[in-house]
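Written below as structure tokens is the structure these notes are about.
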2 protein chains.
Amino acid sequence: MAARNASKGPEHPRLEDVELVTLLSALAEPTRLRIVCMLAEPVGERAWKDIDLPIAQSTLSHHLKILRNAGLVQNRTEGTRCFVSLRTQEVEARFPGLLETVLSCRDH
Amino acid sequence: MAARNASKGPEHPRLEDVELVTLLSALAEPTRLRIVCMLAEPVGERAWKDIDLPIAQSTLSHHLKILRNAGLVQNRTEGTRCFVSLRTQEVEARFPGLLETVLSCRDH
DNA sequence: TTCGATGATCGACGATCATCGAACATTGAC
DNA sequence: GTCAATGTTCGATGATCGTCGATCATCGAA
């Protein structure tokens, strides 16, 4: 009854409103860190269905929501499909060097 | 009654055995991040009692244990007193740039 | 040896989290 | 309009977490 999101896709916070602890919490979970690493590959944008992990679809949606709320990823809807990508530049502007450093640590 | 730790202080893991997610989890909590920032100040080592935060003593002990298990801090016992410090160099060797970057992000 | 101080550990509690299946909403195709 | 596909949301579940007070173990001092 109340007006829903007029916009289609899920909401994306401004990076200025994201706290460091929120971003670290989002990264501090194996599945989510793995997703972020996937998205960091040169491929860039990734179709939802291409993120195949041994988890239920609703769980993946849950993790992506947390990553969205942390400002790390963004969704782009195209018809019924959905594409996910890192907000690399915005994260870099807010937390300089952080994402790159974490990813490089992950790769060893 | 079973043989406890023969050594005096608590255990400190080798940084090689610490996973990135463990370290991120340790940092992804406001109180602990604050402690790490305190310890990063040029003062260096810090007496336990000088870490005064609005939390119970057992809670502080709990957080310090998590930071220890993540390889971030170390304890040095001197009589009944206990001093805490960052394992800056070892963390740097294991996760290059990570601690420094997180701390610089925290300061803005 | 006894005592006080200092941290670590224990047990309990409420809250949050990761996970799942089911139901729902939206969109394109028929 | 009906249907299938896609991703989100809901409800429930165990597990983990942050917090506390109480207890314990260790050490120096009296």
Side-chain angles (χ1 to χ4, degrees), chain A residues 1-13 19 21-36 39 45-70 73-85, chain B residues 1-13 19 21-36 39 45-70 73-85:
Chain A
M1 45 184 60
R4 304 291 176 74
N5 314 345
S7 61
K8 13 200 63 181
E11 303 164 14
H12 297 99
E19 295 201 24
V21 167
T22 305
L23 189 137
L24 291 175
S25 300
L27 293 174
E29 204 276 339
T31 302
R32 288 196 292 265
L33 186 55
R34 200 168 156 189
I35 294 173
V36 170
L39 296 175
E45 199 176 50
R46 238 186 156 83
W48 217 93
K49 278 292 176 182
D50 288 351
I51 308 175
D52 64 324
L53 295 170
I55 57 178
Q57 182 221 24
S58 56
T59 304
L60 174 57
S61 183
H62 165 69
H63 283 310
L64 287 175
K65 182 176 187 179
I66 291 180
L67 291 173
R68 274 199 310 269
N69 290 341
V73 310
Q74 58 192 350
N75 276 17
R76 184 176 65 83
T77 299
E78 188 172 293
T80 60
R81 304 272 173 77
C82 174
F83 297 86
V84 188
S85 58
Chain B
M1 43 187 57
R4 303 293 175 70
N5 313 344
S7 61
K8 14 199 61 180
E11 303 163 15
H12 297 99
E19 295 201 25
V21 167
T22 304
L23 190 136
L24 291 175
S25 300
L27 293 174
E29 203 276 340
T31 302
R32 288 196 292 266
L33 186 55
R34 200 168 155 190
I35 293 173
V36 170
L39 296 175
E45 199 176 48
R46 238 186 156 85
W48 217 93
K49 278 292 178 181
D50 288 351
I51 308 175
D52 64 326
L53 295 171
I55 56 178
Q57 177 249 358
S58 56
T59 304
L60 175 56
S61 184
H62 167 70
H63 283 311
L64 287 175
K65 182 177 185 177
I66 291 180
L67 291 173
R68 274 199 310 269
N69 290 339
V73 310
Q74 58 192 350
N75 277 16
R76 184 177 64 84
T77 299
E78 188 172 293
T80 61
R81 303 273 173 74
C82 173
F83 296 87
V84 188
S85 57

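A note on names: the letters A, B, ... follow the listed sequences, proteins ahead of strands, and every chain is numbered from 1.
- To the nearest 0.5 Å, the span separating OG1 on Thr59(B) from CG on Leu53(B) amounts to 10.5 Å.
- Counting only distance, with no hydrogens or angles, the side chain of Arg81(B) and the backbone of Trp48(B) share no donor-acceptor pair below 3.5 Å.
- Residue-environment remark: CD (Glu45(A)) exceeds the threshold of 12 foreign heavy atoms within 6.0 Å.
- Map Gly79(A) and Leu60(B) each onto its nearest nucleotide of DNA chain C; the residue landing nearer the 5' end is Leu60(B).
- Note: CG (Leu64(B)) to P (dC17(D)) measures 17 Å, nearest angstrom.
- Not a single donor-acceptor contact under 3.5 angstrom links the side-chain atoms of Thr80(B) to the base of dG28(D).
- Summarising the geometry, the separation between CZ on Arg76(A) and P on dT26(C) is reported as 20 Å, rounded to the nearest angstrom.
- Residue His63(A) is classed as a sugar-phosphate contact, given heavy-atom separations below 4.0 Å to backbone atoms only.
- In terms of phosphate contacts, Thr59(A) brings no side-chain nitrogen or oxygen within less than 4.0 Å of OP1 or OP2 of dT19(C).
- Nearest nucleotide to the side chain of Lys49(A), out of dA8(C), dT8(D), dT6(D): dT6(D).
- The distance from atom CD of Glu78(A) to atom P of dG28(C) is 10 Å, rounded to the nearest whole Å.
- Nucleic acid contact for Ile55(A): sugar-phosphate only, since backbone atoms but no base atoms lie under 4.0 Å from a heavy atom of the residue.
- Atom CG of Leu53(B) and atom P of dC20(D) are 11 Å apart (whole Å).
- Taking 4.0 angstrom as the limit, Trp48(A) places none of its side-chain polar atoms (N or O) nearer than this to OP1 or OP2 of dA5(D).
- For Gln57(A), whose side chain is taken as the heavy atoms from C-beta onward, the closest listed nucleotide among dT9(C), dT19(C), dG7(D) is dG7(D).
- In this structure, dT2(D) forms a base pair with dA29(C), meeting either the Watson-Crick or the G-U wobble geometry with both donor-acceptor distances under 3.5 Å.
- With dA8(C), dA22(C), dT6(C) as the choices, the nucleotide that has an atom nearest any side-chain atom of Asn75(B) turns out to be dA8(C).
- In a base pair of the Watson-Crick type (N1 to N3 plus N6-O4 or O6-N4) or a G-U wobble (N1-O2 and O6-N3), with each distance short of 3.5 Å, dG14(D) is matched with dC17(C).
- Put simply, NE2 on His12(B) is 13 Å from C1' on dA8(C), counting in whole angstrom units.
- Between Arg32(B) and dG18(D) there is a side-chain N or O to OP1 or OP2 distance below 4.0 Å.
- Taking a pair to require two hydrogen-bonding distances under 3.5 Å in either a Watson-Crick or a G-U wobble arrangement, dA29(D) pairs with dT2(C).
- Side-chain atoms of Glu29(A) and base atoms of dA18(C) include no donor and acceptor less than 3.5 Å apart.
- For dA8(C), neither phosphate oxygen OP1 nor OP2 lies less than 4.0 angstrom from any side-chain nitrogen or oxygen of Lys65(B).
- Within 4.0 Å (heavy atoms only), Ile66(B) reaches sugar-phosphate atoms of the nucleic acid but no base atom.
- A heavy-atom distance below 4.5 Å is found between the side chains of Ile55(A) and His63(A).
- Looking only at side-chain heavy atoms (C-beta outward), Arg68(A) and Val84(A) stay at 4.5 Å or farther from each other.
- Rounding to whole angstrom units, CG of residue Asn69(B) and P of dG18(D) are separated by 12 Å.
- Side-chain atoms of Ser25(B) come within 3.5 Å of backbone N or O of Val21(B) as a donor-acceptor pair.
- One can place NE2 of His62(B) at 14 Å from C1' of dG11(C), the figure rounded to the nearest angstrom.
- Contact annotation: Arg68(B) side-chain N/O to dA8(C) OP1/OP2 distance is under 4.0 Å.
- Distance CG (Asp52(B)) to P (dT6(C)): 14 Å, rounded to an integer number of Å.
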